[in-house]
S.K.: 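Here it is: the structure, laid out below.
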2 protein chains.
Amino acid sequence: MTSEDHSMLVQFLKVLADESRLRILGILTSRGASVEELAAALSLKPPTISHHLTRLRELGLVRMRPEGTVHVYEFNVEALQRVNLLLKPEKLAQMANVEGDAWERKVLRDFLNGEEVKEIPASRKKRAVILSWLVEKFDVETRYAEADVNAIIKRHHPDAATLRRELIATHLMERENAVYWRTPQKQNL
Amino acid sequence: MTSEDHSMLVQFLKVLADESRLRILGILTSRGASVEELAAALSLKPPTISHHLTRLRELGLVRMRPEGTVHVYEFNVEALQRVNLLLKPEKLAQMANVEGDAWERKVLRDFLNGEEVKEIPASRKKRAVILSWLVEKFDVETRYAEADVNAIIKRHHPDAATLRRELIATHLMERENAVYWRTPQKQNL
DNA sequence: CTTTCAATTCGATGTATATCTATATTTATA
DNA sequence: TATAAATATAGATATACATCGAATTGAAAG
């Protein structure tokens with residue numbers, strides 16, 4: 001549904017993003033006009049105008065009323081209003097959220113080999129993704145000794161010391177005295 | 001000024017009329033993002049994303065903030081609002097009205113030879129243009145006998161009878177008993 | 001200072017499409 | 001019914017541009 005809005009919006013914008021068609025719409029705001037009139041007004045050939053009007057009509061931006069052998073085209077203001085409604089940040093956000101964590105999945109694919117961390121990413125952001133994956137190996141309500149933490153990490157990567165420090169530094173885990181625990185999750189909105 | 005708005009609007013729409021760029025903006029509504037993140041999210045290569053961001057940035061639709069070696073891009077909502085303001089019927093009308101009667105001038109060029117009507121257009125609309133030109137040859141406040149009307153018309157075309165009848169039929173002139181006069185102009189809005 | 005990593009720039013390629021001429025279709029008129 | 005006029009369609013051409021791989025730039029880290 002939102003992705004329908006999305007491609008709908010793209011199509012509208014593609015049709016509107018043309019100098020000739022905007023000028024046509026501009027003329028049609030004040031009066032209906034025939035193909036020949038528009039051709040003269042824009043200094044373009046009738047087939048070109050016909051082409052533009054077809055594209056505008058496919059999206060309902062103009063309507064056609066035959067009058068004898070002449071076709072009078074009129075502007076449909078409603079359709080333009082619908083475009084304006086879609087062209088807002090909130091709507092764009094909705095449309096984009098069809099997916100969002102493709103990047104995280106890619107990082108996991110790149111740096112994991114099954115349950116093994118192939119390499120600790122140098123980039124902070126990528127490291128954060130791996131650490132988020134790693135912290136899932138710990139229970140939320142359990143309290144661990146440092147040796148337990150190291151043991152669990154070592155199932156996935158030899159450098160337990162570095163990773164343990166990173167988990168604390170990124171606040172994914174917390175420590176008091178010699179006791180470690182996983183930081184309770186905060187809810188997503 | 002209005003034509004600057006015009007080409008401005010076309011450029012904005014051309015930049016917005018792209019699926020990838022709309023998705024980028026959609027993502028950036030909720031959070032700033034790096035080129036790599038966007039590339040992963042859209043399943044496109046970084047150079048492609050860079051290209052899109054450049055185009056968006058040229059129009060001020062996004063802003064860039066370097067953060068270490070990573071470039072964080074953010075959405076500039078204001079710029080989008082400006083597009084919405086331009087994408088209204090009134091604005092389109094303003095932009096189009098740089099000229100408007102090119103068609104009428106073309107018809108006159110085609111069917112007149114100086115003060116002589118070369119041929120009476122068969123098309124109703126074109127005939128109307130020629131008749132509007134012809135009726136200007138009459139004073140507004142004068143009352144004419146049929147012979148006078150014919151004489152004036154014959155300065156421009158031999159078939160005075162037909163043209164006289166057309167002037168009446170199109171209500172450009174009126175007749176009562178044997179007296180003719182030019183219909184008073186109604187004002188334009 | 002060298003290496004590394006993210007971003008950008010460059011060059012190439014394929015696709016989309018605005019515009020034109022020529023032809024066909026449809027409606028009105030003689 | 002045949003001709004003329006206004007649109008529409010078909011086919012051709014040229015331009016714009018989205019996308020990619022390769023090379024370059026610029027910043028951070030060892």
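The chains referred to below are lettered A, B, ... by the order of the sequence lines, with proteins before strands, and numbering in each begins at 1.
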S.K.: For a side-chain contact (heavy atoms from CB on, under 4.5 Å) with Val135(B), tell me which candidate from Ile130(B), Leu163(B), Leu167(B) qualifies.
M.R.: Leu167(B)
S.K.: In whole angstroms, how far is the C1' atom of dT19(D) from the CD1 atom of Ile24(B)?
M.R.: 12 Å
S.K.: In whole angstroms, how far is the C1' atom of dA23(D) from the NZ atom of Lys45(B)?
M.R.: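 Distance, rounded to whole Å: 17 Å.
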S.K.: To the nearest Å, how far apart are Lys14(A) NZ and dC17(D) P?
M.R.: 11 Å
S.K.: Taking only the side-chain heavy atoms of Arg55(B) (C-beta and beyond), determine which of dC20(C), dT19(D), dA18(D) contains the nearest atom.
M.R.: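 Per side-chain heavy atoms of Arg55(B), the pick is dA18(D).
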S.K.: Only Watson-Crick and G-U wobble pairs, only distances under 3.5 Å, only runs of 3 or more: what stems does that leave for DNA chain C?
M.R.: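 Expected stems, ordered by start: C:1-30 with D:1-30.
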S.K.: Under a 4.0 Å threshold between the charged nitrogen and the carboxylate oxygen, would Glu67(A) count as salt-bridged to Arg65(A)?
M.R.: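 Counted as a salt bridge, because a side-chain N and a carboxylate O are separated by less than 4.0 Å.
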S.K.: Taking protein heavy atoms under 4.0 Å as touching, what does nucleotides 1-15 of chain D look like 5' to 3' if B marks base contact, S marks sugar-phosphate-only contact and - marks none?
M.R.: -----SSBB------
S.K.: Check the distance between dA16(C)'s P and Gln11(A)'s CD and give it to me in whole angstrom.
M.R.: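 The answer, rounded to whole Å, is 13 Å.
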S.K.: Donor-acceptor check, side chain of Asp18(B) to backbone of Arg21(B), threshold 3.5 angstrom: yes or no?
M.R.: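 Pair found, side chain donor or acceptor close to backbone of Arg21(B).
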S.K.: Identify whether the distance between the nearest side-chain nitrogen and carboxylate oxygen of Lys126(B) and Glu36(A) falls below 4.0 Å.
M.R.: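 Looking at Lys126(B) and Glu36(A), the cut-off is met.
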S.K.: For atom NZ of Lys137(A), decide whether the heavy atoms of other residues, nucleotides or ligands shown that lie under 6.0 angstrom number more than 12.
M.R.: yes
S.K.: Where along residues 158-168 of chain A does a heavy atom fall under 4.0 Å from DNA chain D?
M.R.: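 Listed by number, there are none.
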S.K.: To the nearest Å, how far apart are Glu19(A) CD and dT17(C) P?
M.R.: 18 Å
S.K.: Got more than 12 heavy atoms from elsewhere within 6.0 Å of CD, Glu90(A)?
M.R.: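 Atom CD in Glu90(A) is crowded, with more than 12 foreign heavy atoms closer than 6.0 Å.
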S.K.: Please answer whether the main-chain N or O of Ala145(B) pairs with a side-chain N or O of Asp148(B) as donor and acceptor at a distance below 3.5 Å.
M.R.: yes
S.K.: Answer yes or no: does atom CZ of Arg127(A) have more than 12 heavy-atom neighbours from other residues, nucleotides or ligands under 6.0 Å?
M.R.: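 Enclosed.
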S.K.: Output the rounded distance in Å from CG (Leu44(A)) to P (dT17(C)).
M.R.: 18 Å
S.K.: Before accepting this row, confirm whether a basic side-chain N of the pair Glu136(A)/Arg182(A) lies closer than 4.0 Å to the acidic partner's carboxylate O.
M.R.: yes
S.K.: Quick check against the 3.5 Å criterion: does Gln11(A) have a side-chain atom that pairs as donor or acceptor with the backbone of Met8(A)?
M.R.: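 Between the backbone of Met8(A) and the side chain of Gln11(A) there is no qualifying donor-acceptor contact (under 3.5 Å).
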S.K.: Do the side-chain N or O atoms of His52(B) get closer than 4.0 angstrom to the phosphate oxygens (OP1, OP2) of dT19(D)?
M.R.: yes
S.K.: In terms of side-chain geometry, is the basic nitrogen of Glu146(A) or Arg175(A) positioned less than 4.0 Å from the acidic oxygen of its partner?
M.R.: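 No, Glu146(A) and Arg175(A) are not salt-bridged.
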